[in-house]
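See below for the structure under consideration.
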Amino acid sequence: MPLATARRTALAAQGFAAARPSATPTRRTVMKVLDSTRLLQLDSVSAVVRAHYAPVFSRIGAYDRTLLDEAAWGHTGRRPRQLIEYWAHEAALIPVADWSLMRWRMVEYRHGRWKGMRQVLERNPALADDVLGVVKEFGASTAGEIERHLELDRPRAKDNWGWNYSDTKVVCEALFAAGELTAPKRVGFQRHYDLAANVLPAEVLSREPDEADAVRELVRRAARAHGIGTETDLRDYYRLNRRQTEPAIAELLEAGELERVTVEGWDKPAYLHAEARTPRRVTGAALLCPFDPLIFFRARTERLFDFHYRIEIYTPEHKRVHGYYVFPFLLDGDLVARADLRAERATGRLLVPGAFAEPGHDTVRVAGALAGALREMADWLELDTVEVGEKGDLAPELRREIA
């Protein structure tokens, strides 16, 4: 298979070959994006917009973000919850029905998801039961509210990322990872914890597939979301390991759901989903946030698009190459540029400190399309103006287009 064909197959699988809705997007329209991506990664950075909102915008254009909030955190009797949080590809929103496919992972995490978490559980052997007791009595609560109910002033230990979590918060996260608690709502992006039994449908809670069956289903979902991908691609989507994915891929090959193919320039075999489609052309423009499912596995991004991309949030400012929060720019099926973006809500400005073209592309054409995409994003975020800075070879042309 030629690389260009593989690229179009991957873009179609991720929802970039479909026409954008002509009418105002509804909750159903928003959920159709999840049919393609299967997950939306969560992240605390809000330099432009929270990470889970951006992939939906990239695929369908401007939409009401409360539609996604309601699907994940706005359960009512008339409109059941459609998304739930869990550790899929990092912290993510996934369809409620997929929660049970993570049961094996919850078993792995029952004593803590990382070393520091295990240490907190060990030095507070009764705290997990205390937390569960508070939630049973008072319902969905933040870690701070739970702590106040317990009248605790627990020590805080910084982890490698600099987060300053109390022991109570760490235990809440441990219980979340173990599947005993979940997050029925967020306020100001802060999790409120409740018993999983109070939030999830009984049929989801009662379903406990064994690890092999669950992993095969996850690989099937990853393959559909990729269209075409290597074993490492399929493995990364739900953060599986080779021991799990290789048998699952073999079973799906035998069942005819996957086909092994060779992609021009790839040094590993690829697997084509039986229902993947390959459009003749992919058109349109989209800004992709750093955590978009199309690009969050950087090795695949480079293999598919010849586009080397690294997020530089944690890089000291003087060492950054492109900027703090950089959006790759997809135009007619290719990654042609990147823009460092910042939403300055207090002044109503979408700031573009830097804009960079990929080699070999017409900068006038790219700048014109990027200007249109930035205006569309600014309107969606209810920002009045787009202001382009000095950094990057595309910045002068982009400034002219914006003007």
Side-chain angles (χ1 to χ4, degrees), residues 40-58 65 89-92 158-164 188-190 285-302 305 307-331 335-359 361 363 366-367 369-399 401-402:
L40 295 171
Q41 187 172 338
L42 295 162
D43 191 80
S44 60
V45 176
S46 59
V48 180
V49 65
R50 298 284 185 190
H52 57 290
Y53 295 122
V56 180
F57 169 73
S58 299
R65 280 169 279 168
H89 179 95
E90 301 300 326
K158 287 189 177 182
D159 66 12
N160 290 336
W161 296 111
W163 291 321
N164 195 10
F189 208 64
Q190 188 176 33
L287 286 157
L288 306 177
C289 88
F291 303 104
D292 191 290
L294 179 68
I295 60 168
F296 60 31
F297 185 33
R298 310 307 186 202
R300 175 176 171 83
T301 303
E302 194 156 354
F305 297 100
F307 188 90
H308 180 80
Y309 179 57
R310 297 294 183 271
I311 193 165
E312 298 181 86
I313 291 173
Y314 303 110
T315 302
E317 185 172 0
H318 68 281
K319 293 185 178 181
R320 290 177 192 147
V321 177
H322 297 108
Y324 176 79
Y325 204 66
V326 173
F327 281 57
F329 182 50
L330 179 70
L331 180 62
L335 293 179
V336 299
R338 60 191 89 199
D340 184 22
L341 302 182
R342 205 88 73 254
E344 196 174 85
R345 293 166 182 84
T347 60
R349 298 184 297 167
L350 179 61
L351 303 179
V352 190
F356 308 82
E358 288 298 289
H361 293 283
T363 56
V366 170
L370 179 55
L374 290 168
R375 287 195 189 97
E376 183 187 25
M377 174 176 276
D379 289 343
W380 176 54
L381 297 176
E382 298 180 315
L383 301 172
D384 301 319
T385 60
V386 178
E387 295 188 12
V388 182
E390 301 290 331
K391 190 174 180 181
D393 60 333
L394 192 58
E397 191 64 45
L398 183 60
R399 274 197 305 276
E401 289 290 340
I402 292 292

Could you tell me which residues satisfy side-chain hydrogen bond (donor to acceptor under 3.5 Å, both in side chains) with H318, sequence neighbours excluded, listed by chain and number?
none
Within a strict 4.5 Å, meaning less than it, do heavy atoms of the V49 and R65 side chains meet?
yes
Check: I311 main-chain N/O paired with Y324 side-chain donor or acceptor under 3.5 Å
no
Nearest 0.5 Å please: distance from the CZ atom of F296 over to the OG1 atom of T301.
9.5 Å
Looking only at non-hydrogen atoms, find the nearest pair between A371 and L398 and report the distance.
N-CD1, 3.7 Å
Apply the test side chain to side chain contact (heavy atoms under 4.5 Å, CB included) to residues L374 and L341: give CA-CA distance (whole Å), side-chain angles for both, the deciding distance (0.1 Å), then the verdict.
CA-CA 9 Å; L374 290 168; L341 302 182; 3.6 Å; yes
Heavy-atom closest pair (R320 atom, I313 atom, distance to 0.1 Å) is NH2-O, 3.6 Å
Looking only at heavy atoms, what is the nearest atom pair of C289 and A54, with distance?
CB-CB, 3.6 Å
With sequence neighbours left out, write down each residue that passes salt bridge (charged side-chain N to carboxylate O under 4.0 Å, His left out) with E358, or none if nothing qualifies.
R338
Sequence neighbours excluded, every pair satisfying salt bridge (Lys or Arg N to Asp or Glu O under 4.0 Å) that has a member inside residues 288-298:
R59-D292
So side-chain hydrogen bond (donor to acceptor under 3.5 Å, both in side chains) across residues 339-357, not counting sequence neighbours, yields D340-R342, E344-T347, E344-R349, T347-R349, R349-E387
In short, side-chain hydrogen bond (donor to acceptor under 3.5 Å, both in side chains) pairs touching residues 370-383 with sequence neighbours left out are R20-E376
Please state whether the rings of F356 and H322 are parallel, tilted or perpendicular, taking 30° and 60° as the class boundaries.
perpendicular
One should read off an interatomic distance between E302 CD and F297 CZ, to the nearest 0.5 angstrom, of 11.0 Å
What residues, two or more places apart in sequence or in another chain, satisfy salt bridge (charged side-chain N to carboxylate O under 4.0 Å, His left out) together with R300?
D233
Ignoring hydrogens, what is the shortest heavy-atom contact between L370 and L394? Give both atom names and the distance.
CD2-CD2, 3.8 Å
What orientation do F307 and Y309 show, parallel under 30°, tilted 30 to 60°, or perpendicular over 60°?
tilted
Can you see which heavy atom on D393 is nearest to which on A357, and at what distance?
OD1-N, 3.0 Å
Are any non-hydrogen side-chain atoms of P328 and I295 less than 4.5 angstrom apart?
yes
Which heavy atom in L294 sits nearest to a heavy atom in L288, and how many Å separate them?
CD2-CD1, 3.8 Å
Gap separating the OG atom of S58 from the CE atom of M377, nearest 0.5 angstrom
6.5 Å
4.5 Å side-chain heavy-atom contact, E390 and P353
no
What verdict does the side chain to side chain contact (heavy atoms under 4.5 Å, CB included) test give for F327 and V48, after you've listed the backbone C-alpha separation in whole Å, the side-chain angles of each residue and the deciding distance to 0.1 Å?
CA-CA 10 Å; F327 281 57; V48 180; 3.9 Å; yes
Hey, mind stepping through F329 and L335 against side chain to side chain contact (heavy atoms under 4.5 Å, CB included) and telling me if it holds?
CA-CA 6 Å; F329 182 50; L335 293 179; over 6 Å; no
Spell out, as yes or no, whether a donor-acceptor pair under 3.5 Å connects the side chain of E312 to the backbone of V321.
yes
